[in-house]
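Following: one structure in structure tokens, then a few remarks.
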Amino acid sequence: EMYRAVGAAMAKAVYDCRVVTAPLCPWLFAFICGVPAAPTLQDLSLFDPALAHGLAQLLSMPVDEVPDLGEDFEGLREGGADVPVTAANRGEYVRLQVARTLVG
């Protein structure tokens, strides 16, 4: 309820071209203004540093260790529970996780 109220107030301020002194993640500001841009891992690091760090580690880990994590695409795309995260698709997994976290 409070997040909706803050969001509505921020949207109204942007709509009315008023200066908002609250610090905003650059991607969130672009999203509010309707600028089409996909959120990045760097954007996520401003919102959830721990998650961003973990996803960055996934991208940099050795190829043979990725399947050992036992992660899948459940909740990220249709049929995702049956799609394991591999070295070949980990970039897509990170992109979808970032989008789900920041956009919903």
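In this chain, residues are counted from 1 in sequence order. Predicted model, so just to flag it, every value in this text is computed and none were measured.
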Of the non-hydrogen atoms in L58 and R90, which two are nearest, and what is the gap between them? O-NH1, 3.1 Å
Applying side-chain hydrogen bond (donor to acceptor under 3.5 Å, both in side chains) to E74 and not counting sequence neighbours gives none
Considering non-hydrogen atoms only, spot the tightest contact between Q97 and R100 and give its length. OE1-NH2, 3.1 Å
Restricting to non-hydrogen atoms, name the atom on V98 and the atom on P39 that form the minimum distance, rounded to 0.1 Å. CG1-O, 3.7 Å
Residues, nucleotides or ligands: over 12 heavy atoms within 6.0 Å of E78 CD: no
Closest approach of N89 and P84, non-hydrogen atoms and distance? ND2-O, 3.1 Å
Are L46 and L102 linked, directly or through intermediate hydrophobic residues, by side-chain heavy-atom contacts shorter than 4.5 Å (ILVMFWY only)? no
Do T101 and L51 have side chains that approach each other closer than 4.5 Å (heavy atoms only, starting at C-beta)? yes
Contact summary for G80 and D72, nearest pair of heavy atoms: O-CB, 3.7 Å
Taking only residues two or more places apart in sequence, or in another chain, which ones meet R95 in a side-chain hydrogen bond (donor to acceptor under 3.5 Å, both in side chains)? none
Enter the distance from D43:CG to D48:CG here, rounded to the nearest 0.5 Å. 13.0 Å
L55 and Y93: which non-hydrogen atoms are nearest, and at how many Å? CD2-CE2, 4.1 Å
